[in-house]
Participant: 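Quick one: the structure is below, questions incoming.
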Amino acid sequence: MASTIRVRATANGDITEVQALIQHPMDSGFVKDAKGELIPAHFIQELKFEYNGKDVFVADWGPAVSKDPYVKFSFKGAKKGDDLKISWTDNKGASDTTTAKIS
Amino acid sequence: MSSTTGLLATRRLILQGAASVALIGLGNLPFGAARAAANDKYPEEAFKQKSEADAIKALYGKTAEPSDKIKLDAPEIAENGGVVPISVTTTLEKVTSISFFVAENPNALAASYKIPDGTVPSVANRLKMAKTTNVVAIVEADGKLFSATKEVKVTVGGCGG
Amino acid sequence: MSTTMIGMRSLALVLLLAVAAAPARAATEADYKVAYAAAEAASKEAADLRNQWTTTVSTLAAAKKAGDSGDFDRAVAAAKEAEALAKASIFQATSEKDAWKAMEIR
Amino acid sequence: MEARSAIWLGSALAALAALAFTAPHVIAADKIDTATEAKAFQNFFFQKFPNVKHEDFVNGPYSMNEDMKRQWQEKEEFPPYEFALDAGKEMFATPFKNGKTYADCFPNGGIGIRQNYPYFDEKEGKVVTLELALNRCREANGEAPYSYVKDEMASLTAYMAFTSRGKLMDIKIPDDPRALEAYENGKRYFYTRRGQMNFSCASCHVQSPGERIRAEVLAPALGIMNALPIYRSEWSGMGTTTRRLMTCNSQTRAVPLEPQSDEYRDVEYFLSYVANGLPISGPGARP
């Protein structure tokens, strides 16, 4: 199955801009389904971006992050062609990871 | 009119659910297996706090003062409470963490980001907002806390069905 | 085509709905059966005109629920309301046969 | 006596019909007329919103409100319909059990043709929409049809729309009275008030585009089909044309018709025809 992480990392000069869109329901645990039962909380808690072994960005997320979450940030010190490793884990222990090429 | 049935009821339930997050006592969130990362621990306590003041204290252990060096970008009227694009950027120096709080959500803390050395102090993300309320961005720079606040109006769309 | 015209027209429809025949004495099952049958027929006619309203369907269902649970006063009231809604949607369908042209961009 | 009155009645009716047919204001049954109607439809919006660029009308509420446009452009950097697009592309590439694919059912392999849908099928004598053609393709190849309101159909139409982005809407009304009747039926549906709210599509999308119904800004009718299917934050999911029409119905408290009923096919035909010349912008992201 295709990865749940879509990443776009573009380097211009010393600054690399990173955008990520992740396929995840991000259920808050407060919403009811059609039958009126609460949909249990199911959301990504930690999202990490690593560049040659070092964390460049770490997100701690709660249930108030939107469904199919999106995040954008930039960091210095990388160049075209380098790898950027992205991984997330959610409150049910599920996780996914992928590696993107900086273009 | 009495209760509605069929498609309409489903739409209303989901609409209510998505738009107005019911204030239900927070059961203990089922936490998964231990986190892989060694050092940074998931700020469980902070995410459990109701008000943003308590959440800030739980997360950082100190209080913040407003600063005009933080630019908080959020819509005046949210297109939809479920997907509110909010971003923050700052000219403060030595920033180590940026966090977002939605004051009147069931739990104020929405997201918290660690900004290692060499990472630009600016984040954009999409958050859920239960209703019209203040969005507060907190920036930890050189050990001190600064904040920026903006009210975002949230309501459901459509003509009611 | 101004908004006041919309206001007037929906006002007319709302007036039409204000049909509430309060039964003098407590309604019996027979009253309920009669009222429900009339409401159902009107609702069917509205559906055949492909112009049923969601509120007609829900009010008819409420009438049936009340009727099944023996609360005939509420059941008759709901059935009458459902009938009025169905009749209003029939009136709307027939009057719109030509009225739509008023809004057409020419 | 019987026969004479019958003859008399017959000729009276014939005369009446002839009169109606030749009367000047009666819409003559030739094609030119729909072209002038489409022109009038477009001019209504061009004059009502003089500072909106013509091709911008296909962006619905975002052509009407600056603050919403900014939120939209931010979302478009990494749009939420990205997953539907990828799913649609994958489905297009995955053969059916009999080895065929969607590409075998459509001209040009289904790529860059969305702007010609819906079209009038002269064999069937009815309008055929993209969603209907996709399900017919599935059934012709022994596969079960998809729901018209669920994600699979939305992913397929999202991918096909994406391959046509920027191409101008190009709907044809063949010289066939049944095609004209379908166009007329669609127009009638568009302007007919329904539901307890007593609104027609035009009440919102012609009389009050740019105004708000609570949090939402109303889209203009011109180009409203060009952006479909749409990812709606309110549904936090994809919406096909059928889902959008049905939810519009229930919002005015009208019971929706069955998916791909004649009225829906014809109103899509009418709305697409009057948007001829405007670019395809689907799949769209909406509040």
Participant: Heavy-atom count check: over 12 atoms from other residues, nucleotides or ligands less than 6.0 Å from F162(D) CZ?
Facilitator: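 Incorrect, the count does not exceed 12.
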
Participant: For atom NZ of K150(D), decide whether the heavy atoms of other residues, nucleotides or ligands shown that lie under 6.0 angstrom number more than 12.
Facilitator: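 Count not over threshold, so no.
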
Participant: Do any of residues 8-21 of chain A come closer than 4.5 Å to chain D, heavy atom to heavy atom, and if so which ones, in number order?
Facilitator: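 Against chain D, the residues of residues 8-21 of chain A that fall inside the cut-off (heavy atoms, under 4.5 Å) are R8(A), Q19(A), A20(A), L21(A).
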
Participant: Suppose a student defines contact as a heavy atom less than 4.5 Å from any heavy atom of chain D. Which residues in residues 65-74 of chain A would they list?
Facilitator: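 Heavy-atom contacts from residues 65-74 of chain A to chain D are K67(A), D68(A), Y70(A), K72(A).
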
Participant: With sequence neighbours left out, write down each residue that passes salt bridge (charged side-chain N to carboxylate O under 4.0 Å, His left out) with R70(D), or none if nothing qualifies.
Facilitator: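 With neighbours one apart ignored, the set is D67(D), E74(D).
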
Participant: With sequence neighbours excluded, tell me which residues meet salt bridge (charged side-chain N to carboxylate O under 4.0 Å, His left out) with R232(D).
Facilitator: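 Result, salt bridge (charged side-chain N to carboxylate O under 4.0 Å, His left out) vs R232(D): E216(D), E234(D).
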
Participant: Is it true that atom NZ of K89(D) has more than 12 heavy atoms of other residues, nucleotides or ligands lying nearer than 6.0 Å?
Facilitator: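 Check fails, neighbour count at 12 or below.
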
